[in-house]
Number of protein chains: 2
Amino acid sequence: MKSRSGPGFVSAQEVARLAGVSRSAVSRTFTPGASVSPDTRERVLEAADRLGYHVNHLARGLISQTTGIVCLVVSDIATPYLSSMVDALTRRLQEASKVAMVINATGRLEKIEDAIRQTLHYRADATVVLSGSPDRAIIQTCLDSGQRLILLNRDEVLPGIRNVALDNAAAARQALHAFLKAGCRRLAVVASAARTPSLVGREKGFVDAARSVGLDVATWSDGPTAHATGAAGARHLLARTDPPDAVFCVTDLLACGFMDAARHEFGLRIPEDLSVIGFDDIEHAGWPSYALTTFAQPVAEIADHVVSCVTEYDAPADASRRLFAAPMVWRGTVRR
Amino acid sequence: MKSRSGPGFVSAQEVARLAGVSRSAVSRTFTPGASVSPDTRERVLEAADRLGYHVNHLARGLISQTTGIVCLVVSDIATPYLSSMVDALTRRLQEASKVAMVINATGRLEKIEDAIRQTLHYRADATVVLSGSPDRAIIQTCLDSGQRLILLNRDEVLPGIRNVALDNAAAARQALHAFLKAGCRRLAVVASAARTPSLVGREKGFVDAARSVGLDVATWSDGPTAHATGAAGARHLLARTDPPDAVFCVTDLLACGFMDAARHEFGLRIPEDLSVIGFDDIEHAGWPSYALTTFAQPVAEIADHVVSCVTEYDAPADASRRLFAAPMVWRGTVRR
DNA sequence: GACAGCTTTGCACACGAGTGCAACACATAG
DNA sequence: CTATGTGTTGCACTCGTGTGCAAAGCTGTC
């Protein structure tokens with residue numbers, strides 16, 4: 001395991017020399033399903049172990065046209081929901097003997113394109129875009145190159161690319177009915193300035209559902225999708241002459257901020273004075289201080305599906321879109 | 001940008017054919033500092049653009065001995081502190097024109113070794129271990145292969161590997177003095193069953209500092225490093241006949257759990273009845289409900305230093321260890 | 001012993017790129 | 001016109017691996 005001197009990686013050639021066989025034999029030893037006699041196989045393995053040999057996946061990918069690399073294009077990885085998604089994806093990919101390359105696309109929008117270009121440089125087997133909308137031209141480039149492209153929570157439905165998203169509208173409807181059942185009538189939505197498809201879908205879904213039963217909805221959507229924005233929304237909405245008694249926050253982070261401000265700055269009790277529903281089911285939603293009723297992201301299922309998209313053999317003939325349901329998690333922020 | 005027909009990536013050869021030059025010319029066009037006339041350079045660039053050509057970094061890495069890949073071995077990426085570290089690292093690495101490959105080592109300890117082996121398969125330029133202790137043998141293998149190995153918040157100090165950590169003992173001492181200054185004398189520490197060097201260092205640092213001034217410390221360390229564990233610690237410590245009036249939680253997550261239980265289950269006011277200090281300065285520490293006094297992880301500085309370790313030319317002659325200070329963040333959980 | 005059938009092995013080529021070397025073109029000075 | 005120097009270009013080799021093909025080896029049956 002340690003009899004080498006000079007630095008640098010050891011190649012199959014050196015292993016072959018030590019084992020007294022041809023380089024092909026070494027290659028076949030490490031290729032599942034290839035024909036090697038048990039005898040030489042053992043000799044090769046011993047030599048490889050002694051020299052500390054590791055197959056060079058880059059060279060292998062050069063010839064086998066599949067590198068095992070899957071690119072994850074993410075911005076705001078530090079966000080609770082996204083980080084748990086990255087966790088699930090990396091784990092699942094490894095189980096499928098792939099490896100994740102993370103491209104941080106935080107910042108300017110054009111960075112997304114640069115990121116996907118990186119993907120092409122490394123001949124990834126597939127690219128999963130977790131945020132940001134890639135340009136149409138770069139999508140075409142991916143398709144031409146035979147790159148699989150999987151978009152998460154995005155609107156673009158194009159032939160050849162896989163799209164997986166959440167049924168935000170259904171969840172929003174369910175939230176509305178929960179509020180109605182609790183006897184609430186003065187509704188509000190808190191969103192942020194980030195007009196990503198998921199957030200917009202939840203906001204719009206809630207407003208539309210309310211309209212369909214003849215109710216109006218006050219809205220707040222300003223600032224980043226963070227705790228402070230939720231608090232700002234509370235300050236704005238609760239100071240009105242006709243403050244809401246039920247608030248749908250399109251994100252748990254927003255909901256936490258809203259609740260903090262409602263409790264500490266307005267002295268409101270939740271759910272007695274005010275019902276709140278969030279979205280994502282991030283960790284703190286389960287903490288006793290919040291005990292937030294919310295919708296759970298089916299992270300594991302989505303990750304499984306994404307991995308199956310990556311490993312499946314053939315491309316979808318036309319636009320493929322898979323919608324996941326976000327199950328409601330009942331806790332203590334809605335009056336019953 | 002779209003005149004190709006069959007799937008698959010386009011090679012430099014095809015670009016050369018279209019541009020009417022040799023493949024070498026194409027190669028040189030994309031190699032900074034190589035000698036190409038402005039005329040052919042332009043012809044090549046145009047052909048490359050038309051065909052959608054992207055340099056194959058894998059093939060380039062094969063010959064240039066440097067792939068631009070840096071492996072991040074992480075477990076529990078979804079944890080607030082680690083996810084922000086991954087965020088910072090991926091961003092900084094990209095700025096240094098490297099790319100991060102994330103290996104999820106969650107689970108069994110032996111997975112760390114598998115993970116590092118992956119690293120070797122892809123001929124990464126360096127490997128950053130964010131959690132878990134790699135085995136000594138695998139470290140040796142890395143060194144033999146010329147792999148740079150950078151350990152974060154680990155104890156192992158070995159020749160050839162870079163070690164970067166936090167000055168946990170200094171922070172623990174500072175926490176103790178803050179408590180003493182606030183008039184607290186009944187001390188406690190809350191940790192978890194995870195005996196990682198950082199957590200142990202903080203716990204031990206606090207206990208030692210207290211002993212040196214003749215004070216005893218009640219401790220709780222059981223369960224995972226999570227909110228629930230902090231709450232359990234509160235239930236245990238606050239139910240004693242002689243409950244603490246100052247608690248140092250080795251992690252913000254633990255501190256949040258402790259505070260929630262102390263407030264809601266024991267009706268204690270913070271900081272009037274009880275002072276609390278955490279560690280990490282995660283996002284919620286800044287939220288009004290917690291306003292936790294804590295120690296900030298110098299994430300940006302650490303990331304910068306790690307990247308400089310990756311890009312620096314020569315290996316450290318012997319064991320290299322860099323200690324970062326964690327500045328105290330004063331908020332509202334310590335009486336003044 | 002001859003022959004068929006199967007397994008194992010090595011040769012040689014391919015993958016996609018970088019680069020030393022020599023040939024070449026061109027400009028300038030003598 | 002020749003000699004010298006400078007800047008481009010292409011050939012051919014290299015990196016580490018997979019694999020088709022044919023040769024070689026082995027086994028078993030008639």
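In the text below, chain A, chain B and the rest are named by the order of the sequence lines, each starting its count at 1. Source: prediction; values computed, not measured.
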### Task
Between protein and nucleotides 9-22 of chain C, map the contacts as a letter string: B base, S sugar-phosphate only, - none, heavy atoms under 4.0 Å, written 5' to 3'.
BBBB-BBBBBBB--

### Query
Can you check side chain to side chain contact (heavy atoms under 4.5 Å, CB included) on B:Leu120 and B:Gln147, steps first, answer last?
CA-CA 8 Å; B:Leu120 296 173; B:Gln147 266 273 322; 3.4 Å; yes

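Contacts of A:His54 classified as ring-ring contact (aromatic ring centres under 6.0 Å, His included), with partners at least two apart in sequence or in another chain: B:His121.
With contacts defined as side-chain heavy-atom distances shorter than 4.5 Å, the pair B:Glu14/B:Tyr53 does not qualify. You'll find the side chain of B:Leu130 reaches within 4.5 Å of the side chain of B:Val86, heavy atoms only.
What you find for B:Met85 and B:Val299 is that their closest heavy atoms are SD-CG1, 3.8 Å.
With hydrogens and angles ignored, the 3.5 Å screen pairs a side-chain donor or acceptor of B:Thr67 with a backbone N or O of B:Arg123.
With the end axes of the helix from C:dG1-D:dC30 to C:dG30-D:dC1 each set by five pairs, the angle from one to the other reads 50° at 10° resolution.
No option in A:Arg43, A:Glu42, A:Arg41 other than A:Arg43 meets the side chain to side chain contact (heavy atoms under 4.5 Å, CB included) test with A:Asp39.
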